[in-house]
Novice: 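Here you go, one structure.
Proteins come first, then strands; the chains are lettered A, B, ... in the order of their sequence lines, and each starts at number 1.
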Amino acid sequence: MLEKTYAPDAVEKKWVEAWSKAGLFHSEPSRDGRRAYTVVIPPPNVTGALHIGHALNNTLQDVLVRWHRLHGREACWVPGTDHGGIATQNVMEKQLKAEKLSRHDLGRERFLERMQAWTRDCKKTILGQLTRLGCALDFGREAFTMDEARAKAVQHAFKEFYDAGLIYRGARMVNWCVRCGTALSDIEVEHEDRKGKLWHIRYPAEDGGPGVVVATTRPETMLGDTAVAVNPSDGRYATLVGKPLRLPLADRVIPVVADEHVDSAFGTGAVKVTPAHDVNDFEIRSRHPEIGSLQVIGFDGKMGPEAGRFAGLSREAARDAVVAALGEALDEDGAPLLVKTEDYKNAVGVCYRCQQSIEPLVSEQWFMKMGPLADKAKAAVDDGRFHIHPASWEKSYRNWLANIQDWCLSRQIWWGHRIPAWYCLKCNDVGDKPFLTLKGLKAVISAEKPASCAGCWGREFLQDPDVLDTWFSSALWPLSVFGWPSKEGNKDFSFYYPTDVLVTGYEILYLWVARMQMMGLHFEGRVPFADALIHGIVRDKAGKKMSKSLGNVVDPLLMMNKHGTDAFRFALVSQAHPGRDIPFAEDSITGPRNFANKLWNSTRYVLDYALKNEPAPAGGYPLCALDRSALSMADRWILARFEAVGAEAAARVAEYNLAAAADALYGFLWDEFCDWYVELSKASLADPARATAAKTVLVQVLTGTLKLLHPFMPFITEELYQALKAYAGETAEHAFQAGAPRPEGWADADAVAEMEFIMSAVGSVRATRSQLNVPPASKLKAFYKGDGTTAKRLTANSDMVLHLARLESLEHAQARPPSCATAVAGDLTIFIPLEGLIDFAKEKVRLAKDLEKLVKELAKSEAMLGNRSFIERAPEAEVEKVRAQRDQSKAQAEHLKDTLAALGS
RNA sequence: GGGCCGUUAGCUCAGCGGUAGAGCGUCCGCCUUACACGCGGUAGGUCGGGGGUUCGAAUCCCUCACGGCCCACCA
């Protein structure tokens with residue numbers, strides 16, 4: 001006997017343990033001849049516990065994995081975590097800061113030891129949470145982006161790219177985060193609109209003339225100016241080009257150059273040029289090499305020695321100081337050099353890990369040439385080898401690939417894959433210069449320290465101190481988790497690769513998805529997954545992004561503990577509409593929680609009430625044992641509906657609309673199975689001739705629905721599956737291993753139409769009762785008037801109607817009995833004598849209202865049918881539908897008119 | 001500066017060419033022997049505005065407005 005209400009705690013705990021003990025989610029290549037269904041987890045960074053976004057991401061994957069396992073595939077879902085580069089190092093540095101330490105206090109080796117220890121704990125937490133969420137991960141395959149196997153893949157890929165000339169080292173302007181102390185790739189820079197100022201500064205001519213006024217948002221960089229640029233076609237400045245200007249605050253003279261890049265219409269039409277600190281200016285210098293470059297801001301974000309009296313100040317302080325100094329500076333005529341200051345809003349590049357503004361700086365870095373790789377990735381979307389769901393993302397994806405820039409790979413941090421490049425100390429003049437400024441180094445690419453230099457036989461080497469962008473190893477993930485590059489005898493790789501689908505959020509579409517596509521296409525010549533399911537972000541109730549600082553984060557563990565994991569999962573999935581973010585309110589779990597309870601009680605009904613807890617017969621109650629022709633209309637109806645819903649859910653899953661699949665199953669179980677079939681079965685069970693069929697249908701449809709719901713709500717469905725499986729004749733030990741219900745041709749349009757009529761007739765009587773305040777408990781006699789198909793349907797199923805509408809009898813009547821209420825069903829009229837109970841004034845108002853509605857509908861239908869274009873151009877089926885509608889409205893209206901006339905006006 | 005998405009019932013959202021739907025909330029009545037985490041009933045919308053295409057538009061096209069997001073080297 002089951003308890004009255006479903007209590008998730010114990011059930012979830014029990015199955016988490018049992019599944020783990022049974023190794024239920026372990027996959028083997030080629031087992032039972034099943035085709036692989038492979039999913040690799042987007043490995044969470046080892047930065048802490050999982051958030052609600054992870055819960056969504058992993059629930060969606062779990063639904064897909066379990067669904068496909070149910071449908072006969074050898075599902076393999078690979079778990080793992082990501083070392084997370086800068087993000088994780090930042091977490092550790094924060095911890096150290098609390099101990100008043102920096103990573104430099106520890107030194108590289110001890111720092112990495114601490115990182116390893118932290119990573120171990122963090123992995124445990126993360127995998128524990130995924131287990132708690134019910135994820136059917138193949139835990140034996142756990143991978144980490146920085147473990148030995150993955151390191152091999154990284155080193156191999158790096159060398160291959162290097163040998164192919166796609167990876168190179170060079171001096172370029174990069175996005176430098178002064179707080180994180182490292183270069184970043186372009187996509188790791190976020191753009192934020194910030195309020196700032198636009199300062200207009202006069203640079204007087206060296207000969208004492210007025211010179212030019214330039215406008216800048218970053219006055220501190222003027223200390224590094226080496227020119228002023230104007231557009232060559234700008235007449236205002238034509239005579240100034242080539243003339244020297246005096247750079248205020250610095251004791252220097254700089255030229256005016258002409259460059260096409262300058263927009264004459266913006267500001268004053270003259271731009272100060274700081275090649276060391278601005279990407280555009282860097283470009284201008286490449287066209288005018290003679291102007292040179294002067295770096296005034298260091299990698300630490302402080303003004304360097306070239307900044308003169310401002311040296312040592314932070315960027316921010318230097319800005320204030322420069323502006324203040326300009327404010328006091330006058331030109332030879334005594335006019336202020338700071339001509340104007342205006343408010344200005346501009347987009348500032350910001351580090352995606354620490355939100356500090358990015359400093360463009362020139363340095364020596366490793367880069368990857370992306371053009372050829374991007375072309376292949378673009379071709380894969382263009383020709384349909386790769387699909388993004390929803391497809392609206394494909395346009396942005398293509399666009400990004402088409403405009404791709406080279407990828408800055410090196411990071412000046414410690415936590416990551418060390419770049420496998422070695423510099424012979426004899427061939428390279430390393431000295432004690434900062435590594436970032438070393439130019440023209442000759443590298444030997446090798447995972448291990450080379451034995452000797454091929455050029456000079458030197459044996460002393462310096463390994464590149466930098467590490468790789470964390471996304472480099474992530475990009476190889478679908479390959480590396482299956483042991484790539486090792487392929488010979490690698491059954492895992494040949495069976496599971498390429499994977500089937502990648503599920504992730506749109507925020508890492510370029511950062512990660514695109515790069516996996518590029519790597520997969522480059523190394524294996526095929527896409528690493530043919531489909532990407534891109535889901536939205538879980539936001540707070542008000543639609544704001546969740547963040548610790550806003551204090552609006554929702555802890556998934558808390559939700560699971562409070563409401564049950566299945567309910568939480570279902571709440572997430574049913575709101576995960578393709579292409580939409582999810583504004584998550586805790587209330588939204590209530591419905592799914594109630595639904596879980598509904599499942600629970602449906603099973604209680606079947607086991608305790610319908611089957612009276614009798615032991616299951618051998619083989620259970622199989623559908624094949626039933627005589628199809630002897631089934632009741634309700635049996636045939638629910639079987640038809642069940643099969644249709646199974647197909648509908650499958651279609652929705654196939655198009656990656658999991659919310660719609662969940663909704664279809666929810667509606668079927670609750671609105672059709674429980675509200676109608678279960679109610680009807682109560683009568684059938686009392687009739688020995690129909691009892692076995694009813695039991696069979698109850699058991700089979702319920703068990704089948706539970707199986708289909710299992711991917712969405714694994715715990716409760718497993719629990720109930722265990723209770724039902726003997727009755728259902730199911731042989732699989734766990735719901736996870738069960739087979740999906742197979743289509744057996746239960747489609748039955750007649751039964752569906754008949755049942756729909758019965759439902760509308762019952763609904764009509766119920767509404768009448770309710771509107772006239774007839775006590776639900778009172779059983780009433782009723783009469784119907786009319787004949788034909790609908791009358792036959794009514795009489796053939798009168799016992800159902802009696803039960804559902806709480807009637808005592810339903811008989812044919814030629815005329816309207818006295819003192820009765822009227823209900824309309826199809827083209828029939830149902831009379832319910834209510835002597836003494838009925839308020840005729842009220843009844844008349846009610847009927848008049850119904851009539852009004854009908855008349856409106858009738859007019860609409862007739863208007864359509866009166867439209868010749870409609871008759872001629874609309875498909876015949878549509879016209880027929882309207883005709884049928886017209887006929888019904890007409891008949892019902894007539895009945896109501898008669899009734900109203902009988903009641904007197 | 002480009003691009004994408006959204007604007008449908010009080011709220012959150014489905015529907016995306018054939019006479020407006022769900023969940024929650026409202027209101028009314030029910031402890032009807034699976035479930036009050038329930039049952040039955042009810043109210044509530046000119047589908048952001050304006051044009052167009054079509055026999056027919058919430059659904060397709062154009063345009064405007066208001067939100068949100070992504071990309072972008074306008075000082």
Novice: Respond yes when some side-chain nitrogen or oxygen of A/Lys860 is under 4.0 Å from OP1 or OP2 of B/rU19, and no when none is.
Specialist: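 No, no such contact exists.
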Novice: Across all strands, who's sitting opposite B/rA58 as a Watson-Crick or G-U wobble pair, both distances under 3.5 Å?
Specialist: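 Its partner: none found.
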Novice: If the sugar-phosphate is the primed atoms plus P, OP1 and OP2 and the base is the rest, what is the B/S/- string for nucleotides 35-42 of chain B, using protein heavy atoms under 4.0 Å?
Specialist: BSBSSBSS
Novice: Taking for each residue the nucleotide of RNA chain B with the nearest heavy atom, is it A/Asn773 or A/Ala215 whose nucleotide lies nearer the 5' end?
Specialist: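 In this pair, the answer is A/Asn773.
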Novice: Inspect the contact between A/Arg287 and A/Glu260 and indicate whether a charged nitrogen and a carboxylate oxygen are less than 4.0 angstrom apart.
Specialist: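 Between A/Arg287 and A/Glu260 there is no salt bridge, as every charged N stays at least 4.0 Å from the carboxylate O atoms.
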Novice: Rounded to whole angstrom units, what separation is found between the CH2 atom of A/Trp393 and the P atom of B/rC4?
Specialist: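 A/Trp393 atom CH2 is separated from B/rC4 atom P by 12 Å.
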Novice: Is there a Watson-Crick or G-U wobble partner for B/rG21 with both distances under 3.5 Å, and if so, which one is it?
Specialist: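 Its partner is B/rC13.
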Novice: When the distance from OH of A/Tyr510 to C1' of B/rC69 is rounded to whole Å, what number comes out?
Specialist: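 A/Tyr510 atom OH is separated from B/rC69 atom C1' by 11 Å.
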Novice: Are any of the side-chain nitrogens in A/Lys849 or A/Glu852 under 4.0 Å away from the carboxylate oxygens of its partner?
Specialist: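 Not counted as a salt bridge, because no side-chain N and carboxylate O are separated by less than 4.0 Å.
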Novice: Distance from A/Ile534 atom CD1 to A/Tyr397 atom OH, nearest 0.5 Å?
Specialist: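 The CD1 atom of A/Ile534 sits 9.5 Å away from the OH atom of A/Tyr397.
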Novice: Looking at A/Ser764 and A/Ala761, would you say the former's side chain and the latter's main chain have a donor-acceptor pair under 3.5 Å?
Specialist: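 No; zero donor-acceptor contacts below 3.5 Å.
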Novice: For A/Asn613 and B/rA34, give me the distance from atom CG to atom P, rounded to whole Å.
Specialist: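 Going from A/Asn613 (CG) to B/rA34 (P), I get 13 Å.
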Novice: Give me the distance, rounded to whole Å, that separates B/rG1 from B/rA43 when you measure between the C1' atoms they each carry.
Specialist: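 It comes out at 50 Å once rounded to the nearest Å.
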Novice: Is any NZ, NE, NH1 or NH2 atom of the basic residue among A/Glu192 and A/Arg194 found under 4.0 Å from an Asp or Glu carboxylate oxygen of the other?
Specialist: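 Looking at A/Arg194 together with A/Glu192, the answer is yes, because their closest N to O distance falls below 4.0 Å.
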Novice: Would you classify A/Asn867 as touching base, sugar-phosphate or nothing, given that sugar-phosphate means primed atoms plus P, OP1 and OP2, and contacts are heavy atoms under 4.0 Å?
Specialist: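 Here A/Asn867 touches the backbone only, sparing every base.
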Novice: How would you label the contact of A/Thr603 with the nucleic acid (heavy atoms, under 4.0 Å): base, sugar-phosphate, or nothing?
Specialist: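 No contact.
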Novice: How many angstroms lie between CZ in A/Arg604 and OH in A/Tyr6, if you round to the nearest 0.5 Å?
Specialist: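 The distance works out to 15.0 Å.
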Novice: What's the CZ-C1' distance between A/Phe266 and B/rA72, to the nearest Å?
Specialist: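 Spelled out: CZ on A/Phe266 to C1' on B/rA72 is 15 Å.
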Novice: Of the nucleotides B/rA43, B/rC13, B/rG3, which one has an atom closest to the side chain of A/Lys395?
Specialist: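 Among the listed nucleotides, the one closest to the side chain of A/Lys395 is B/rG3.
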Novice: May I ask you to say what A/Pro360 touches in the nucleic acid, namely base, sugar-phosphate or nothing, with a heavy-atom cut-off under 4.0 Å?
Specialist: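 The answer is nothing, as A/Pro360 stays clear of every strand by at least 4.0 Å.
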Novice: Starting from the 5' end of RNA chain B, give me the residue, A/Arg806 or A/Glu857, whose nearest nucleotide shows up first.
Specialist: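 In this pair, the answer is A/Glu857.
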Novice: For B/rC60 versus B/rG67, give the span between their P atoms, rounded off to a whole number of Å.
Specialist: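 Approximately 24 Å lies between the P atom of B/rC60 and that of B/rG67.
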Novice: When the P atoms of B/rC31 and B/rA14 are compared, how many Å lie between them, rounded to an integer?
Specialist: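 Between the two P atoms, the distance is 39 Å.
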Novice: With both distances under 3.5 Å as the test, what is the Watson-Crick or G-U wobble partner of B/rC30?
Specialist: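 Looking at the geometry, B/rC30 pairs with B/rG38.
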Novice: Determine the interatomic distance between P on B/rG51 and the same-named atom on B/rG56; round to the nearest Å.
Specialist: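 Approximately 16 Å lies between the P atom of B/rG51 and that of B/rG56.
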Novice: In whole angstrom, give the distance that lies between atom CD1 of A/Ile537 and atom C1' of B/rC70.
Specialist: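 Result: 11 Å.
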Novice: Salt bridge between A/Lys860 and A/Glu857, side-chain N to carboxylate O under 4.0 Å?
Specialist: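 No, A/Lys860 and A/Glu857 are not salt-bridged.
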Novice: P atom, B/rG17 versus B/rC27: distance in rounded Å?
Specialist: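 Taking atom P in both B/rG17 and B/rC27, they lie 38 Å apart.
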Novice: Does B/rA75 have OP1 or OP2 under 4.0 Å away from a side-chain N or O of A/Tyr344?
Specialist: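 The answer is yes; a side-chain N or O of A/Tyr344 sits under 4.0 Å from OP1 or OP2.
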Novice: Suppose you measure atom C1' in B/rC11 against the same atom in B/rG29; what distance do you get, rounded to whole Å?
Specialist: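 B/rC11 and B/rG29 have their C1' atoms separated by 25 Å.
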Novice: Let me know the distance between NZ of A/Lys545 and P of B/rC69, rounded to the nearest Å.
Specialist: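 That distance rounds to 8 Å.
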Novice: Would you say B/rA14 has OP1 or OP2 under 4.0 Å from some side-chain N or O of A/Arg580?
Specialist: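 For A/Arg580, the contact criterion (side-chain N or O under 4.0 Å from OP1 or OP2 of B/rA14) is met.
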Novice: Under the side chain to side chain contact (heavy atoms under 4.5 Å, CB included) test against A/Val228, which residue among A/Val212, A/Val213, A/Val271 passes?
Specialist: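 For A/Val228, the side chain to side chain contact (heavy atoms under 4.5 Å, CB included) test succeeds with only one of A/Val212, A/Val213, A/Val271, which is A/Val212.
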Novice: Ignoring hydrogens and geometry, is there a side-chain-to-backbone donor-acceptor pair from A/Arg769 to A/Ser778 under 3.5 Å?
Specialist: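 Yes; judged by distance alone, with no hydrogens or angles, the pair exists.
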Novice: Provide, to the nearest angstrom, the distance between the CG atom belonging to A/Leu772 and the P atom belonging to B/rC28.
Specialist: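 Atom CG in A/Leu772 sits about 18 Å away from atom P in B/rC28.
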Novice: May I ask you to say what A/Asn403 touches in the nucleic acid, namely base, sugar-phosphate or nothing, with a heavy-atom cut-off under 4.0 Å?
Specialist: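 No contact.
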Novice: Starting at atom OH of A/Tyr506, determine the distance to atom C1' of B/rG6, rounded to an integer number of angstrom.
Specialist: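 So the OH-C1' distance, A/Tyr506 to B/rG6, works out to 12 Å.
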Novice: Going by purine N1 to pyrimidine N3 plus the second Watson-Crick contact, or the G-U wobble pair, all under 3.5 Å, which nucleotide sits opposite B/rC66?
Specialist: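 B/rG6 - that is the nucleotide pairing with B/rC66, both distances being under 3.5 Å.
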Novice: Contact class for A/Tyr609 vs. all strands (heavy atom < 4.0 Å): base, sugar-phosphate, or nothing?
Specialist: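 Counting heavy atoms under 4.0 Å across all strands, the contact made by A/Tyr609 is with sugar-phosphate only.
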Novice: Any sub-3.5 Å donor-acceptor pair from A/Glu188's side-chain atoms to A/Ser185's backbone N or O?
Specialist: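 Such a contact is found between A/Glu188 side chain and A/Ser185 backbone.
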Novice: Could you check whether A/Val678 gets within reach of a base, just the sugar-phosphate, or nothing at all, counting any heavy atom under 4.0 Å?
Specialist: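 Base contact.
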Novice: Please measure how far the P atom in B/rA22 lies from the corresponding atom in B/rA9, and state the result in whole Å.
Specialist: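 After rounding to an integer number of Å, I get 14 Å for this pair.
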Novice: Can you figure out which of B/rA75, B/rC4, B/rA72 approaches the side chain of A/Val271 most closely?
Specialist: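 Closest nucleotide to the A/Val271 side chain: B/rA75.
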Novice: Looking at every strand, decide which applies to A/Val214 at a 4.0 Å heavy-atom threshold: base, sugar-phosphate, or nothing.
Specialist: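 Nothing, no heavy atom under 4.0 Å.
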Novice: When you compare B/rU26 with B/rC62, how far apart are their C1' atoms, in angstrom units rounded to a whole number?
Specialist: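 Taking atom C1' in both B/rU26 and B/rC62, they lie 40 Å apart.
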